[in-house]
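For the numbers below, each heavy atom of this structure counts, side chains included, while hydrogens, waters and symmetry mates do not. The residues of the chain are indexed from 1 along the displayed sequence. Just so you know, these numbers come straight off a predicted model, no measurement behind them.
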Amino acid sequence: MGMMKYVQQATTGKENIPDSSLLIDPILENVEEGILYFDDLLVIRKCNRSFSDLTDIRSEDVLDRHIKEAIPEVSQWIEGRLPESVLQGEAFSGLSMEMSFSHARSHVGLQVSAVPVISHAGFVVGGILLFREPLSSERRWAVKIRQEEVVRQISSDFINCPTEHIDEGVQSALEKLGRIYHADRTYVFVLDPGGQSASNTHEWCAEGVVPQKEYLQNMYLFSEYNWMAERLLRLESIHVPSVSHLPPEAEAVRELLLSQDIQSMMVTPLSVEGTFAGFLGMDSVKAMAHWPEKALEVLKSAGEIISFALRRKTAETDLSEINQRYRDIVDMTSDLIFHLYRNAEGLLEVDWVPGRWTQNHGYEPGPLVSENTFKRLIHPDDLELALRRIQLAMQGEEVKLAFRMYTSSREERWMEGSVRPSFGLGRANHAVVGALSDVTERKLAEQALTDLTEALMVSHEELHQFAEITSHNLRNSVANLLGLKDLYDKQGSSDNSQVIEKIFTSIRQLDLKLNDLAEVVEVKNRRSRLLARKISPEAIFRQAMKEFDADIRDTDAVFYTDFSEIAEVSFPESYFHAIMVSLISNSLKFRAPQRRPEIRVGSFKEKNAHVLTFADNGIGMDLVRHKGRIFTMYQQLHEGYEGKGLDLYLTRCRMEAMGGKIEVKSTPGKETIFYLYFVGQDY
């Protein structure tokens, strides 16, 4: 029944109507008009929520106050109308008035009606003022716009809100909701881990309202507050206009709310993928609140926005923690674990590598962002293959990867492992993750094993050759001696001087051969390694040259030397002297008859080795024809030249005995260049 119709009945048939004051509360709760109820002394006794929405005047600011004091802006109108009409039982309606408020909007245009409140005995006990907006509903439209603006503001606040500021954004949203609906407290509860309890995580309170957040932690909703929990689990919103009117089954909820002086409450559930995760609510403490239906819609919208923001914060926090734990674990490994991708410019970038790996390889912790830096890390001989393998991984394949890379001090290290495509962070088919182990020691061990195997094979072959040569040469010498002995026996006492001379010649040849073999055995046993010491290559070379003074004068040979890069080496002096003698001897022996001999000795450094070059312009060698024979025993590559074919073999043995090596380049008829590598030298 409308208010005006009821008033008409009240004024025309008082005997048929019960005490009007008993119907005031339900009327206040179910009308959209702004209502003020005052007694016969003009003291305001009741004020509904619609009045506050229309005028922006809070109920607590007018209750139990004289109309003239509570609303001085309309006191003149009240004094002119009420004493002469309403309190005498007269009703009137449709009067227009302008209300101006210094604490709210500049002015409000309203239509005002008034009816008396009549007791059962027929006495006027007060009156009711009804405030309506004009038919244009501009005010109602403004309220609607204001509510939608709050939702828009809350939404926009979270769009670009960094994770670390989400809590501030939730707090701001609670304040906006509280102020627009004149709530005394707005709050968020979030389900605790395990899902059995909930805690108050965010709270806003109006001025003068006592915060409750610290007392509302680990609330066991499902065991203690079933009436509320069951509805929230079904994702239903709850509107309680009057806490005192809650049903008996909600006794525990009523006691909880009353302990906080709550008179009205409205809550809406927060959900994650359709599952209850908490709730957003607002309370009225100072008076009962009659929030419009639109308020629940706004609260639901705000709840969805806040729920999403909190989920994002939780997800990003969890992701950050997982990422940090991952990095902490990976930082403990010496392996190279990395994420590599192509940036917007199409260049390769490595955005993170483990700290221990960077430390072990001499790099500063942090990203290796530059493609040039990335390429400089990889050995140029391995770069193209490595890039091809990485591209295959970017196309979706898991591939094995092995390459040499450099430390910050340009030391070569072998890396080996696998890479596979990475589909995270929106870089599908443009990124890979990889795990590579430093296998340098294993590679060195494998190479050492390979070298040892090759050395054993060479030694076996040399031993076989040594046995054959020894057997052949010694047997020939012994056979000669036996033959000469037989000849000596046959001649009897006749002159055997010639036979004896031949015997002595054979004995001398046998002695030379035994000495050669003894020298070979000594070098192969590497006994002289312990004699290594710092020597001057140039000084020993000059000493070796003195042994060939006559040959140098006879051949008019010239020498050009440059020992500037290797002023000293760690090497047995006797070995170095023998090597120089052998090389000088060969250069003079195998000189070209049509030109003056020129011998050039140079030096340079390469990695951890000193290199001595020994070149001449002699007759040279056919390396293709004599491949594999140049540095073996008793190999004479040039006919018509005297020699035993041991010098180059012994030179190679001496170099290898000290961990070095000898190589040769030669052009027949033009030149020969020997390269002596003295490894493991200090610069």
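- Side-chain contact between Leu174 and Leu280: present, with at least one pair of heavy atoms (C-beta onward) separated by less than 4.5 Å.
- In terms of modelled atom types and a separation under 3.5 Å, the side chain of Asp283 and the main chain of Val285 share no donor-acceptor contact.
- A distance-only check finds no donor-acceptor pair linking the side chain of Ser264 to the backbone of Met288 [under 3.5 Å].
- The closest side-chain heavy-atom distance from His202 to Ile306 is not below 4.5 Å.
- Note: Ile262 CD1 to Leu256 CG = 7.0 Å, rounded to the nearest 0.5 Å.
- Residues satisfying the salt bridge (Lys or Arg N to Asp or Glu O under 4.0 Å) test with Glu297, not counting sequence neighbours, are Lys294.
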**OP:** Kindly determine whether Leu310 and Val188 satisfy side chain to side chain contact (heavy atoms under 4.5 Å, CB included), including the steps that lead there.
**Re:** CA-CA 10 Å; Leu310 293 176; Val188 169; 4.0 Å; yes
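- Atoms CD and OG, on Glu304 and Ser271 in that order, are 7.5 Å from each other to the nearest 0.5 Å.
- Scanning for salt bridge (Lys or Arg N to Asp or Glu O under 4.0 Å) contacts around Lys213 gives an empty result, with sequence neighbours left out.
- Between the CZ atom of Phe308 and the CZ atom of Arg312 there is a distance of 6.5 Å, given to the nearest 0.5 Å.
- Within the 4.5 Å cutoff, no side-chain heavy atoms of Ile35 are placed close to those of Phe51.
- For the atom pair Phe189 CZ and Asn200 CG, the distance stands at 4.0 Å (nearest 0.5 Å).
- Between Ile238 and Met265, some side-chain heavy-atom pair lies under the 4.5 Å cut-off.
- With Ile44 as reference, Leu36 is the one residue of Leu36, Asp64, Asp39, Leu129 to meet the side chain to side chain contact (heavy atoms under 4.5 Å, CB included) rule.
- Considering CE of Met394 and CD1 of Ile390, their distance stands at 7.0 Å, rounded to 0.5 Å.
- Going from atom CD of Gln153 over to atom OG of Ser172 covers 8.0 Å, rounded to the nearest 0.5 Å.
- Side-chain contact between Val253 and Val240 is absent, with no heavy-atom pair separated by less than 4.5 Å.
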